[in-house]
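Input: a single structure, listed below in structure tokens.
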Amino acid sequence: MTLTETYTQVLIVGAGPSGLMMAAQLLRYGVQPVIIDSKQGPTNHSKALGIQARSLEIYRQLGMIDRIINDGKQAKGLLFNEDGKEAAALSLANIGGEQTPFPFVLLYQQSKNEKLLLDFLTAHCCPVYWNTTLISLKQTGSGAEIKLQQDEQIKGITCDWLIGADGAHSLVRKQLQIPFSGETYQHSFYLADLELNNKELNEDYVQLFLTKKGFAGFFPMPEANCYRIVGSLPDNYDQKDDLKLEDIVPYLDNIVGYSINTVQENWFTIYRLHHRMADKFREQRCFLIGDAAHIHSPVGAQGMNTGLQDAYNLAWKLAGAVNNQIKESILDSYATERMPVAKGLLSTTDRVFALITSRNWFTGLFKKWILPCLLKIVWSKKTFREVFFKRLSQISINYRDSPISLHISQAAKIKAGDRLPYLKVFDEKKQEETDLHEWCGKPGFTLIVLGKLSELDLFALAKWITQKYPAMLNFFYLPQSTKNQHVFDAFEVGKNQGKSLIVRPDMHIGLINDKVDMVLMNNYLRNIVGITDL
């Protein structure tokens, strides 16, 4: 499709998962972006495979969750193998308990994520302009002037805001001259998408093979007998060019302890891994999200999911600014909130990946004799499994230190900045079960009031919302009852007390107050978030 626009409010460079999610979120708020990508079109080749609970919660809000669940595959566990023998088996079945509607790790290829989001964009008349490359970027006081190349033509376009979602080699980041600090891992790695005929492999488990000579990970894909295999190349292969699957099969056989029988090779590639982070996530009117802002090892399937959350965090703020509903100062909170997340993620994945890939003799002894026993011991502890899932699923990420989080409460368990917990709610009027996340399904902020309010107080609240925030604030009221006591316990609401929560559009709690006070709520929305007169 030929690009004809010469101006757009938001230009998104990059149509990977982060860029597509950014476009999808903006569309929810009535902002029609232009999205470009230098590729010829969508690709079936992708490194990311796991999709975490927090991302599934986002897709649920978008109304896409059934398609993902039906087309994905739950990982039932992890199998650690040492020298061809099983060393430890860790179950992932229902590991998240009732912390989320999706208490599991879903195996769902990045290419499927992209297809899903592309279909959403198509349904909302938002095309992707493929084969369109950023050539130059110049910022002005009110936007940016962009030169693009599409086919053989050079085109110009101006935008108010620009999103760099163009991956690890981001041209946007380079044009902005933002350093990409970090390192490249020492060894090269291979990735293969294969259909196999090996009864030794368990199609429901992620299987890791660790040896002194290297490692290999087998990740079952939703399709029968299909696996994504990731592994390290031996030292003597690092400098070889044009490596093919058959070149590394003997080495792979040695790692797993038996012959790998390939039925069909769908993809094979050699690549280097990096752990890097941009020094800034914003430069004036331009933002970086996803791999353009941070890249790291594939440990824990965190990369794509983090990029999706970058977009989820930024989109509602940018839409608010574009629609003149929120002051532009809200955009400062994007980097403030997301940079610590990326920094912590790089540190954690780097340490774990260094352990897995290390060929040090002492580390080898640790992995062979101590690690399996340690894993079995800690995995038997429910508390450890819960903490592990919270980190892995990214539901533990919070913005408590954010300038737009306001905690006016004695409660210590759940604080402003936390992700809204997933708690089931019984609707006394409709006599049916729902949950707090479903209450936050519509675009905008959500006011949740817990406790007993008089009819007069409820009327006053409804009138205040209608007059002040008719298009920005959704309202739900939950009176105390036996069937919903667990909700009051979770938020530490005492008998005959009230509590008010304002939940942000990204389902993080912005305000918690031990009172239902319209003056304080108005102060939060006007002076802290920056909502303008509508």
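Since the model is a prediction, treat every value here as computed from it, not as a measurement. Hydrogens, waters and symmetry mates play no part in the numbers below; they use all other heavy atoms, side chains included.
Scored by the ring-ring contact (aromatic ring centres under 6.0 Å, His included) test, H437 finds Y422 as partners (sequence neighbours excluded). K280 pairs by the salt bridge (charged side-chain N to carboxylate O under 4.0 Å, His left out) definition with E283, not counting sequence neighbours. Residues passing the side-chain contact (heavy atoms from CB on, under 4.5 Å) test with T306 are H294, Q302, D310, R338, L345, Q394, sequence neighbours excluded. Taking S142 as the reference, T140 meet the side-chain contact (heavy atoms from CB on, under 4.5 Å) condition, with sequence neighbours excluded. Applying the side chain to side chain donor-acceptor pair (under 3.5 Å) criterion to Y7, with sequence neighbours excluded, gives D160. With sequence neighbours excluded, the residues forming a side-chain contact (heavy atoms from CB on, under 4.5 Å) with T336 are P403, listed by chain and number. P340 meets the side-chain contact (heavy atoms from CB on, under 4.5 Å) test with no other residue; sequence neighbours excluded. Checked against ring-ring contact (aromatic ring centres under 6.0 Å, His included), F218 has the following partners two or more places apart in sequence or in another chain: F209.
With hydrogens and angles ignored, the 3.5 Å screen pairs a side-chain donor or acceptor of T466 with a backbone N or O of A462. Looking at N70, its side chain does come within 3.5 Å of a backbone N or O of D66 through a donor-acceptor pair. Using a distance-only test at 3.5 Å, with no hydrogens or angles considered, no donor-acceptor pair links the side chain of S55 to the main chain of I51.
A salt bridge is defined here as a Lys NZ or Arg NE, NH1 or NH2 lying under 4.0 Å from an Asp or Glu carboxylate O, and D119 with K115 meets this definition.
For the residue pair S481 / E428, a side-chain donor-acceptor distance below 3.5 Å is found, with atom types taken as modelled.
Note on residues 486-512: pairs passing ring pair (Phe, Tyr, Trp, His ring centres under 6.0 Å), not counting sequence neighbours, are Y399-H508.
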Table please: side-chain donor-acceptor pairs of residues 99-106 below 3.5 Å, with sequence neighbours left out.
residue: Q99; atom: NE2; partner: G96; partner atom: O; Å: 3.1
residue: T100; atom: OG1; partner: E57; partner atom: OE2; Å: 2.8
residue: T100; atom: OG1; partner: F102; partner atom: N; Å: 3.1

Throw together a table of side-chain donor-acceptor distances under 3.5 angstrom for residues 315-322, partners on residues two or more places apart or in other chains.
residue: W316; atom: NE1; partner: N313; partner atom: O; Å: 3.2
residue: W316; atom: NE1; partner: D506; partner atom: OD2; Å: 3.2
residue: K317; atom: NZ; partner: N313; partner atom: OD1; Å: 2.8
residue: K317; atom: NZ; partner: S333; partner atom: OG; Å: 2.9
residue: K317; atom: NZ; partner: E337; partner atom: OE1; Å: 2.8

Can you give me every donor-acceptor pair (side chain of residues 12-32, partner residue at least two apart or in another chain, under 3.5 Å) with its distance?
residue: R28; atom: NH2; partner: G441; partner atom: O; Å: 3.0
residue: Q32; atom: NE2; partner: H124; partner atom: O; Å: 3.4
residue: Q32; atom: NE2; partner: C125; partner atom: O; Å: 2.8

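Between L162 and F287, every side-chain heavy-atom pair lies at or beyond the 4.5 Å cut-off.
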